[in-house]
Amino acid sequence: MPWLQAHLEVDKSRAPLIELLFEQLGALSITLEDARDEPMLEPPPGAMPLWRETRVTGLFSGDTDADNLRARIDEVLDQENSRSLTLEILEDQAWERAWLEHFQPLRFGSNLWICPTGRQVDQPGATIIHLDPGLAFGTGTHPTTALCLEWIDAAELEGKTVIDFGCGSGILAIAALKRGAKQAIAVDHDPQALIATRSNAARNQVSERLITMTAEDFQPREADVVLANILANVLVDLASLIHSLVRPGGELVLSGILQHQAQDVARAYQPAIPMQPPATLDDWVRLQGVRS
């Protein structure tokens with residue numbers, strides 16, 4: 001099966017947003033390259049500089065609808081950024097499996113692990129999610145996902161109901177179920193995301209407690225915990241809907257937010273859900289609060 005590759009050239013300030021967008025659209029790999037042959041001097045320890053003009057490339061499965069992918073990117077980005085989008089077909093190679101030979105289990109918090117095929121976790125009593133995350137996770141998951149998984153690891157979820165709004169691969173819903181949630185509802189506007197979610201749930205033996213729904217079919221209901229790891233502008237636009245899903249006394253966890261966007265997102269949910277001080281990882285933020 002061939003593969004579909006998407007390229008976008010953007011200013012480096014936009015690269016993290018494009019990286020997250022490609023991940024949420026189902027990319028199996030995401031790479032960042034120099035778009036203008038700019039020299040890069042040796043960075044200081046711990047620094048992760050980007051070129052002023054950065055080329056972000058996402059690798060998608062060959063059955064991805066190219067026209068739909070282009071349309072969804074256009075919905076999110078302004079014309080100046082989306083017009084640089086190019087799509088190309090790659091001949092079949094075992095890209096994902098070749099990369100997974102170098103991928104090791106990842107821990108989030110103290111006890112929650114993602115473990116790919118052919119690997120094992122030796123920690124007694126660990127909560128293990130069996131998942132092949134693909135190249136989009138790089139040497140560790142995207143910071144937005146990592147922040148949510150760390151929260152799930154520390155949260156008291158036994159017997160609770162959870163909504164994963166914008167579920168993607170279903171990783172957050174599956175993690176919550178493995179941590180003892182009674183039921184999770186995974187919602188996404190992309191049918192392919194729901195297919196992936198159901199497949200991952202079956203692999204982790206939590207299917208009987210998982211409900212998947214398209215955004216169009218979803219009937220708003222209250223839950224004990226609502227997780228929404230989506231783009232900041234969407235979190236603001238859908239604030240009234242998302243906050244209504246949290247029962248009084250329930251918890252809301254938001255991610256997909258760059259640090260400079262955190263104040264605007266938090267303001268959109270007040271006063272119904274006052275946010276705690278944000279948790280940060282790299283340039284990304286997780287917000288959480290309890291509905292009054």
Side-chain angles (χ1 to χ4, degrees), residues 16-17 19-21 23-24 106-114 127 129 140-188 220-292:
L17 175 65
E19 184 182 3
L20 178 60
L21 174 61
E23 180 185 345
Q24 294 187 341
L106 295 172
R107 186 177 71 180
F108 302 90
S110 61
N111 205 46
L112 182 61
W113 292 79
I114 295 177
T127 300
I129 304 169
T141 65
H142 192 282
T144 61
T145 308
L147 285 164
C148 291
L149 290 172
E150 289 174 359
W151 184 89
I152 290 171
D153 174 71
E156 177 50 62
L157 297 175
E158 190 69 35
K160 293 185 176 181
T161 57
V162 175
I163 293 175
D164 183 358
F165 195 86
C167 62
S169 68
I171 186 172
L172 301 184
I174 293 167
L177 291 170
K178 287 220 154 188
R179 289 278 295 116
K182 178 175 65 176
Q183 184 185 71
I185 301 170
V187 182
D188 205 290
R221 65 193 75 181
E222 291 185 347
D224 299 307
V225 176
V226 176
L227 306 164
N229 179 23
I230 50 183
L231 297 173
N233 64 318
V234 181
L235 291 173
V236 172
D237 291 344
L238 298 182
S240 60
L241 169 62
I242 293 173
H243 107 258
S244 72
L245 304 177
V246 186
R247 69 163 181 82
E251 296 182 89
L252 175 65
V253 178
L254 305 176
S255 194
I257 308 163
L258 289 164
Q259 290 193 37
H260 72 271
Q261 300 169 326
Q263 186 174 1
D264 288 340
V265 174
R267 188 182 300 116
Y269 289 82
Q270 293 173 346
I273 305 180
M275 297 297 177
Q276 300 175 19
T280 61
L281 181 60
D282 296 336
D283 292 328
W284 298 93
V285 166
R286 180 191 72 224
L287 295 173
Q288 61 208 68
V290 174
R291 182 177 177 183
S292 55

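No hydrogens, no waters, no symmetry mates; every other heavy atom, side chains included, goes into these values.
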Pairwise side-chain contact, P143 with R286, heavy-atom cut-off 4.5 Å (strictly under): no

Sidechain-backbone polar pair: S292 side chain, A272 backbone, donor-acceptor under 3.5 Å: yes

Q261 side, atom CD; L235 side, atom CG - distance, nearest 0.5 Å: 9.0 Å

Distance in Å, I273 CD1 paired with L252 CG, rounded so as to fall on 0.5 Å steps: 4.5 Å

E23 and T145, any side-chain heavy atoms less than 4.5 Å apart: yes

Main-chain N/O of V246 paired to R291 side chain as donor or acceptor, under 3.5 Å: yes

Check against side chain to side chain contact (heavy atoms under 4.5 Å, CB included), F108 and I129: CA-CA 11 Å; F108 302 90; I129 304 169; over 6 Å; no

Spacing of OG belonging to S169 relative to CG belonging to D188, to within rounding of 0.5 Å: 10.0 Å

R221/T161 under side chain to side chain contact (heavy atoms under 4.5 Å, CB included): CA gap, chis, key distance, verdict: CA-CA 11 Å; R221 65 193 75 181; T161 57; over 6 Å; no

More than 12 heavy atoms from other groups under 6.0 Å of CD on Q270: yes

Interatomic spacing from CG in L258 to CG in D283 - rounded to 0.5 Å: 6.5 Å

Any side-chain heavy-atom pair of I152 and T127 under 4.5 Å: no

Side-chain touch M275/L254, heavy atoms, less than 4.5 angstrom: yes

Least distance between heavy atoms, G109 atom then D153 atom: CA-OD2, 3.4 Å

Polar side-chain atom of D224 near backbone of K160 as donor-acceptor pair, under 3.5 Å: no

From I257 atom CD1 to N233 atom CG, the distance as rounded to the nearest 0.5 Å: 11.0 Å

From CZ (R107) to CG (L149), nearest 0.5 Å: 13.5 Å

Test side chain to side chain contact (heavy atoms under 4.5 Å, CB included) applied to I114 and I171, step by step: CA-CA 9 Å; I114 295 177; I171 186 172; 3.2 Å; yes

